[in-house]
Amino acid sequence: RTLFPYTTLFRSTKVKRDKAGDTDTHQATWLTLHQAQVKVEASGYSQLVEIERERDGYEMEATDAQGQRVKIDVDPFSGDVINTKILRSF
C-alpha cells in the first residue's frame, strides 16, 4: 500500500494498486490522484480513506456532506462525482 504524501490530511488516505494497468495511453490526460482528490473535496466530500484507479476512472471511499460513508466514482478528466453508493449512514 502506498500512502498519499501531499499533506497531513492525505497521509491516512490509502492509494490502492492500479487495476487499470499502464498500457492505456488515454490515461495520460487524466487528472492526477491528487488533483482528483482536491476536486472531490471541493465538492463537499471529506475523510477520503481510499482511492483506486480503475479502467474508466477513479473510485474513492469518503464521507459525504450528510455524514454518510460513500463509495464514489469520479470522472478522471473533470474530477466530477458521477456515481455514489452509500456504504454506511449515520
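Each residue takes its place number in the sequence, starting with 1. This one's a predicted model, so the numbers in the text were calculated from it and none came from an experiment.
- By the side-chain hydrogen bond (donor to acceptor under 3.5 Å, both in side chains) test, Ser78 pairs with Asp75, Asp80, sequence neighbours left out.
- Atoms OH and CD, from Tyr45 and Glu61 in turn, are 13.0 Å apart once rounded to the nearest 0.5 Å.
- Summarising the geometry, atom CE belonging to Met60 is positioned 4.5 Å from atom CD1 belonging to Ile51; distances are rounded to the nearest 0.5 Å.
- Ala62 and Arg69 make their closest contact through C-NH1, 3.0 Å (heavy atoms, listed as atom of the first residue, atom of the second, distance).
- Every residue meeting the side chain to side chain contact (heavy atoms under 4.5 Å, CB included) condition with Ser46, not counting sequence neighbours, appears here in chain and number order: Thr63.
- Between Ile86 and Val70 the shortest heavy-atom distance is CA-CG1, 4.0 Å.
- Here the OH-OG1 distance, from Tyr58 to Thr32, works out to 6.5 Å after rounding to the nearest 0.5 Å.
- Taking NZ of Lys39 as the start and CD of Glu41 as the end, the distance is 13.0 Å to the nearest 0.5 Å.
- The shortest distance between side-chain heavy atoms of Gln37 and Leu33 does not fall below 4.5 Å.
- Once rounded to the nearest 0.5 Å, the distance linking CD1 of Ile72 with OG of Ser43 reads 6.5 Å.
- Scanning both residues, Trp30 and Pro76, for their nearest heavy atoms gives CD2-CB, 3.2 Å.
- Interatomic distance, CG of Asp73 versus NZ of Lys85, reported as 10.0 Å (0.5 Å rounding).
- In this view, Lys71 and Glu59 satisfy the salt bridge (charged side-chain N to carboxylate O under 4.0 Å, His left out) rule, not counting sequence neighbours.
- Heavy-atom minimum distance, Leu31 versus Phe77: CG-O, 3.6 Å.
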